[in-house]
Amino acid sequence: MLDLKFIRSKPEIVKKVMKARGLDPSLVDDLLDLDKERRSLLAEVEALKNKRNLVSEEIARLKKEGQDAQDKILEMREVSNNIKEKDDVLRDLEENINKILLNIPNIFHESVPEGTCDRDNAVVRRWGEPPVFDFSFKPHWDIGEELDIIDFERAGKVTGARFTFYKGLGALLERALINFMLDLHTREHGYIEIFPPFLVNSDSMVGTGQLPKFCEDMFKVEGTDYYLIPTAEVPVTNLYREEIIPEEKLPIKHAAYSACFRAEAGSHGRDTRGLIRQHQFNKVELVKFAHPDNSYEELESLTADAERVLQLLELPYRVVILCSGDLGFCSAKTYDLEVWMPSSGNYREISSCSNFEDFQARRANIRFKPKNGGKPRFVHTLNGSGLAVGRTVAAILENFQQEDGSVVVPKVLQPYMGGISKITKSD
RNA sequence: GGAGAGAUGGCCGAGUAGGCUGAAGGCGGUCGCCUGCUAAGCGACUGUACGGGUAUAAAGCCUGUACCGAGGGUUCGAAUCCCUCUCUCUCCGCCA
C-alpha cells in the first residue's frame, strides 16, 4: 500500500505507474475525490466532538455544584446524534478509500526497465553452460516416471490434476534439497530458520498483498478465515505484523521451508505436464526485514544467496530483471532466477527475488524505532525463493540425465542422500 | 468439546457505586546536572494514528480528534455498565 499523502502530492507518478502496469489510472482520481470529501467531513465531526467534550465537562461541573444542566444535556443529545450520523458516513468513506488504496500497486524502482510483458525483461547475467546431449534426452516427467520416483497418475486419482507423489529416491531427493538449501542459508548466509504455519488468516494475506486483489489464486479453508499459504513469504513476513523492531536488529533474515498452495486460476493448459506448475509444491523462502537506507544492497545479496544454491547444484541459470509491465503488484524491483530446462529448450523461473520497499510494511504495519530517536519508520521487506524445490528437482532430472535413463546426483547433495551418487531404476 | 480467569502505554503494573486518567507508580530509554573513573544520586523529557493552522528542503511548533484486545450498545459523558467476537492462561475430556 502506498502512503496516501504521497498519492495526494504526486498523483501523476502513481497514474504513470498504473498505466505502465496495465491498470486503470482513473482509480487515483476516485481516491483523491473520496479523500477530499473525507477530510472536510472529518473536520466537521471533530469540531462537533470537541464541543461535546467541552460541554460534557461543563455538565459534570454544574452537577457537582448542584446546579441544573438539563438544557445542556438535551442540546448535547442532539449533537451526539449528529455525530453518530456523520461518523457512519465517515466510516463508509474510509472503507472505500482503503479498498482503493489496497488495489493500487507499488511504485517501481528507477532501475526497472520499461516494458509490457516478460519478453521485455532484461538478462542481467548468466552462469554455467546448458548441457549438450548426444542422445535423445527426455523431459523430467518421463525420467521421473521411468525411474519410478515420481507418480503423477496416482496423484490424479487420489487428489487431482497438478498434484504429485514422490516415491523412493524421488522423495529422498526432495527432502535432501530442502535440507541442503536450509543448511546453506542458515549456516553460510546468516539466515535464521523459521518453520511457519501453512495456514494463515486473511489479515496476513492482506499484509503481504495477496488479498484483496488476488483472492482467486488462493485456496481457502471453507467455513474459516484461513487460507493455505501460496508461499512462506506470507507467514514469515507477517511474523512482525503490528510490531516495532529496534533498529539495531535490522536486517532480520529468515529462511523458511514450507509447502506452497496455489489455485493456478487462469493458467489452464499451461505446463500441464510435470513438476513445473503444481497446486502444491515445496519451497525454501528467504525473507528480509531491512533498513530503508540499504534495502537495495540487501536485494543484491539476497539474490546472490539464492544464486548460490544453483551454483552449488551446478545448474546453469540466468538472472533477469523484470520490466515494469511484468513486475508483481507489490514489488518495486524483482530479479528472477531462471534455470536451464532442456525439455523446454529454455530458461524457466526457479526463484523470484524482490524488494517491496515499504509497500508490505505499510499494509502490515511493520516498523522500526530509529536509534537516534524519532518516530517509528516502516521497514523495507524483501523476499526470494531459495529455491522452489519441485522445479529444482525437475532441473536436476533433466540436466543430469544419462543415456541409460539414470540421473547423476549433484555432489553437494550426495551427503544428504546417504552417499548415493546416481539415481537408477531400482528393479 | 465442558468449566473458570484474564486482555491497559516499549515492558511491568494501578485504576469498577461512569465525569480533566492519554491514563498513577515502577522499569526501561533520552537529555541535562553531579562525579577523578565506574556505580549511585538529582532534575527534565519520554505512545501512536488521523485532521487543521503555521513554517518548510525537511524537522519543528501550535491545535483538534481518536485509541485502555476487536466490534456494537446504553449515556450529555465509558478504560470503567451491557451484548457479541477474538486471543491468552488454568482445570477436565479427547487426540497426534
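Numbered from 1 within each chain, the chains take letters A, B, ... in sequence-line order.
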To the nearest Å, give me how far apart [atom1] ([X]) and [atom2] ([N]) are.
| X | N | atom1 | atom2 | answer |
| --- | --- | --- | --- | --- |
| A:L54 | B:rU63 | CG | P | 14 Å |
| A:R38 | B:rU65 | CZ | P | 16 Å |
| A:R91 | B:rA66 | CZ | P | 15 Å |
| A:E94 | B:rU65 | CD | P | 17 Å |
| A:N81 | B:rC76 | CG | P | 9 Å |
| A:Q70 | B:rU75 | CD | P | 13 Å |

For the side chain of [X], counting heavy atoms from C-beta on, which of [options] is nearest?
| X | options | answer |
| --- | --- | --- |
| A:S80 | B:rG19, B:rG77, B:rG64 | B:rG77 |
| A:E46 | B:rU65, B:rU48, B:rC76 | B:rU65 |
| A:K49 | B:rG51, B:rU48, B:rU65 | B:rU65 |
| A:R52 | B:rG19, B:rG51, B:rA66 | B:rA66 |
| A:R8 | B:rG19, B:rU48, B:rG51 | B:rG51 |

Contact under 4.0 Å: [X] side-chain N or O vs [N] OP1/OP2:
| X | N | value |
| --- | --- | --- |
| A:R377 | B:rU48 | no |
| A:R77 | B:rU75 | no |
| A:N50 | B:rG64 | no |
| A:R39 | B:rG52 | yes |
| A:N53 | B:rA66 | yes |
| A:K84 | B:rU74 | yes |

Between [N] and [M], how far is it from one [atom1] atom to the other, in whole Å?
| N | M | atom1 | result |
| --- | --- | --- | --- |
| B:rA59 | B:rG52 | P | 15 Å |
| B:rC94 | B:rG13 | P | 35 Å |
| B:rG32 | B:rC12 | C1' | 27 Å |
| B:rC92 | B:rG26 | C1' | 39 Å |
| B:rG29 | B:rA39 | P | 12 Å |

Note to self: I'd like to know whether CD of A:E12 has more than 12 heavy-atom contacts from other residues, nucleotides or ligands below 6.0 angstrom.
What the structure shows: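 Yes - once you tally the heavy atoms of other residues, nucleotides and ligands closer than 6.0 Å, there are more than 12.
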Next item on the list: Decide if atom CZ of A:F163 counts as having more than 12 heavy atoms of other residues, nucleotides or ligands within a radius under 6.0 Å.
Entry: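 Counting neighbours around CZ of A:F163, more than 12 heavy atoms of other residues, nucleotides or ligands fall under 6.0 Å, so yes.
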Notebook entry, point to check: What distance separates A:T164 OG1 from A:Q278 CD, expressed to the nearest 0.5 Å?
Noted result: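 Going from OG1 on A:T164 over to CD on A:Q278, the span is 3.0 Å.
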Next item on the list: Determine the contact category for A:K63: base if any of its heavy atoms lies under 4.0 Å from a base atom, sugar-phosphate if only primed atoms, P, OP1 or OP2 are that close, otherwise nothing.
Entry: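 Base, at least one base atom sits under 4.0 Å.
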Notebook entry, point to check: Counting any heavy atom closer than 4.0 Å, what does A:R61 reach on the DNA or RNA strands: base, sugar-phosphate only, or nothing?
Noted result: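 No contact.
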Checklist line | is_close_aromatic(A:F289, A:F368), centroid dist under 6.0 Å | finding: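 A:F289 vs A:F368: aromatic centres not under 6.0 Å.
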Margin query: Donor-acceptor check, side chain of A:R362 to backbone of A:F378, threshold 3.5 angstrom: yes or no?
Written below: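 No: the side chain of A:R362 does not pair with the backbone of A:F378.
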